[in-house]
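So the structure is just underneath, and the comments pick up after that.
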Amino acid sequence: QVQLQESGPGLVKPSQTLSLTCTVSGASITTNKYYWTWIRQPPGKGLEWIGYITYSGSTYYNTSLKSPTSISRDTSKNIVTLHLSSVTPEDTAVYYCARVYSDYAFMDYWGKGTLVTISS
């Protein structure tokens with residue numbers, strides 16, 4: 001069975017970098033046709049797509065985000081990482097990682113999410 005778990009600091013100061021890790025078990029992040037995506041939900045707001053990394057390592061990002069975004073991976077550890085630099089309080093949200101089946105753009109597995117607060 002596939003499981004995803006987000007981890008990282010719950011509090012980040014403005015202008016610093018938000019770094020989160022998605023640990024994947026039960027599936028390989030290099031398996032064909034699957035992407036690994038990050039989504040967030042600010043308090044009281046809807047879901048917002050951040051970006052994703054493909055099974056081959058290609059990355060794509062939501063250019064509407066004001067904080068520079070990067071997604072990377074460590075295939076030996078089967079983890080996906082998210083970095084948001086120069087964060088502001090508007091980046092406060094529950095952050096989720098999820099798996100995408102690319103043939104249908106369908107997110108079949110989600111992590112439980114982790115709250116990150118941007119505050120000084």
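Under the 4.5 Å side-chain contact rule for hydrophobic residues, Val116 and Leu47 do not share a cluster.
Applying the side-chain contact (heavy atoms from CB on, under 4.5 Å) rule to Thr92 yields the partners Pro43, Thr117, Ile118; only residues at least two apart in sequence or on another chain are considered. For Ser102, there are no side chain to side chain donor-acceptor pair (under 3.5 Å) partners, not counting sequence neighbours.
Under the salt bridge (Lys or Arg N to Asp or Glu O under 4.0 Å) criterion, the residue pairs touching residues 66-84 are Lys66-Glu90, with sequence neighbours excluded. Sorted by first and then second residue, the salt bridge (Lys or Arg N to Asp or Glu O under 4.0 Å) pairs with a member in residues 44-62 read Arg40-Glu48; sequence neighbours excluded. Applying the salt bridge (Lys or Arg N to Asp or Glu O under 4.0 Å) test to residues at least two apart or on different chains, none of the pairs has a partner in residues 15-24.
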message: Pair Leu82, Leu84 - check side chain to side chain contact (heavy atoms under 4.5 Å, CB included), show working.
response: CA-CA 7 Å; Leu82 169 69; Leu84 266 63; 3.4 Å; yes
task: Give the intermediate values and the outcome of side-chain hydrogen bond (donor to acceptor under 3.5 Å, both in side chains) for residues Ser19 and His83.
output: CA-CA 5 Å; Ser19 299; His83 301 283; 2.8 Å; yes
Counting only pairs under 3.5 Å, give me each side-chain donor-acceptor contact of residues 2-16, with atom names and distances, residues two or more places apart or in other chains.
residue: Glu6; atom: OE1; partner: Lys112; partner atom: N; Å: 3.4
residue: Glu6; atom: OE1; partner: Gly113; partner atom: N; Å: 2.9
residue: Glu6; atom: OE2; partner: Cys97; partner atom: N; Å: 2.9
residue: Glu6; atom: OE2; partner: Gly113; partner atom: N; Å: 3.4

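For an aromatic pair to be called close, the ring centres must be under 6.0 Å apart, and Phe106 with Tyr101 fails this.
Each of Ile29, Thr59, Thr54, Ile53 was evaluated against Tyr35; a single residue qualifies, Thr54, per the side chain to side chain contact (heavy atoms under 4.5 Å, CB included) test.
Between the side chain of Thr37 and the backbone N or O of Gly51 there is at least one donor-acceptor pair closer than 3.5 Å.
In this structure, Arg99 is positioned above the aromatic face of Tyr34, its NZ or CZ under 6.0 Å from the six-membered ring centre and within 45° of the axis.
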